[in-house]
Amino acid sequence: MNQKYIQILTLFVTFAGFTFIAFLYWTEPRTIAEVSSKGQVVLGTYDIDRGEFDQGLANFHRDEFIAARAAFDRADPQKRDAITQFYAAYSYYRQGWGRVSNDDALFRSGLEAANRVMSIEPNFRIADDSLKMKTAYELKTELEDGLKITISDFNPMKLTRERK
């Protein structure tokens with residue numbers, strides 16, 4: 001083989017090795033299985049597990065929010081799908097909502113998920129007619145308002161409000 005081709009091949013292999021190492025540092029996978037899934041995110045071929053998503057959606061509509069979030073986590077382990085993250089955020093809202101007071105820990109978790117939706121897809125809008133809030137911005141605003149303590153929180157008419 002010609003010496004020039006060997007040098008070119010060596011440079012190519014070296015470049016490929018450095019690229020792979022840079023990829024590992026950039027994505028920070030914790031296991032070998034994560035290398036594949038994070039590679040899919042980087043390459044734009046990431047897809048959720050439809051079976052788990054459908055199970056989570058069924059649990060969500062039955063108001064089984066803990067089971068729904070567990071299924072959504074299994075469906076979208078990299079937390080890169082806007083629809084899945086929106087339903088997860090909405091489940092935190094619905095579980096944490098109360099007529100008298102809200103669960104701040106659940107609302108904070110929901111706020112994190114709503115922020116993820118906005119970072120994935122800023123103009124996200126859900127097509128589910130059973131939900132009253134259709135965008136991540138509406139959900140985020142509702143969650144933020146639920147975390148604030150205002151004078152209206154002590155209004156007895158608050159007991160008649162409806163969950164969205």
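- Of all the heavy atoms in D104 and G146, the pair that sits closest is OD1-O, 4.1 Å.
- Applying the ring-ring contact (aromatic ring centres under 6.0 Å, His included) test to residues at least two apart or on different chains, the pairs with a partner in residues 103-135 are F86-F124, Y93-F107.
- Between R94 and F65, the shortest heavy-atom distance links the atoms CB-CZ, 3.4 Å.
- More than 12 heavy atoms of other residues, nucleotides or ligands sit less than 6.0 Å from atom CG of L11.
- Heavy-atom minimum distance, Q85 versus D76: NE2-OD2, 3.0 Å.
- Residue I126 comes nearest to M133 through the heavy atom pair CG2-O, 4.1 Å, listed as atom of the first residue, atom of the second, then distance.
- Hydrophobic cluster membership of M118, counting Ile, Leu, Val, Met, Phe, Trp and Tyr whose side-chain heavy atoms lie under 4.5 Å apart directly or via other members: Y137.
- R108 is not listed as a side-chain neighbour of D103, based on a closest heavy-atom distance of 4.5 Å or more.
- Separating the CD atom in E64 from the OG atom in S91 is a distance of 12.0 Å, to the nearest 0.5 Å.
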> Would D129 and K134 count as a side-chain contact (heavy atoms from CB on, under 4.5 Å) if you check the C-alpha gap in whole Å, the side-chain angles of each, and the deciding distance to 0.1 Å?
Replying inline: CA-CA 9 Å; D129 291 332; K134 302 289 186 186; 4.0 Å; yes
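- Counting heavy atoms from C-beta outward, F72 and N59 have side chains that stay 4.5 Å or more apart.
- Heavy atoms only, all atoms of each residue included: G56 and A68 are closest at O-CB, 3.4 Å.
- Remark: of the listed residues E142, K140, R116, K140 is the sole one forming a side chain to side chain contact (heavy atoms under 4.5 Å, CB included) with L111.
- The two residues A113 and A89 have their closest heavy-atom pair at CB-CB, 3.5 Å.
- Atom CD of residue E112 and atom CG of residue N115 lie 8.0 Å apart, to the nearest 0.5 angstrom.
- A distance of 11.0 Å separates CG in L9 from CD in Q7, rounded to the nearest 0.5 Å.
- Hydrophobic cluster membership differs between L143 and L106, with clusters built from Ile, Leu, Val, Met, Phe, Trp and Tyr side chains linked at under 4.5 angstrom.
- Taking CZ of R74 as the start and OG1 of T84 as the end, the distance is 12.5 Å to the nearest 0.5 Å.
- In terms of the side chain to side chain contact (heavy atoms under 4.5 Å, CB included) criterion, residue partners of R50 (sequence neighbours excluded) are, by chain and number, I48, F53.
- Under the 4.5 Å side-chain heavy-atom criterion for grouping Ile, Leu, Val, Met, Phe, Trp and Tyr, Y92 is not connected to L131 through any hydrophobic cluster.
- Side chain to side chain, R69 and Q95 meet the donor-acceptor criterion of an N or O pair below 3.5 Å.
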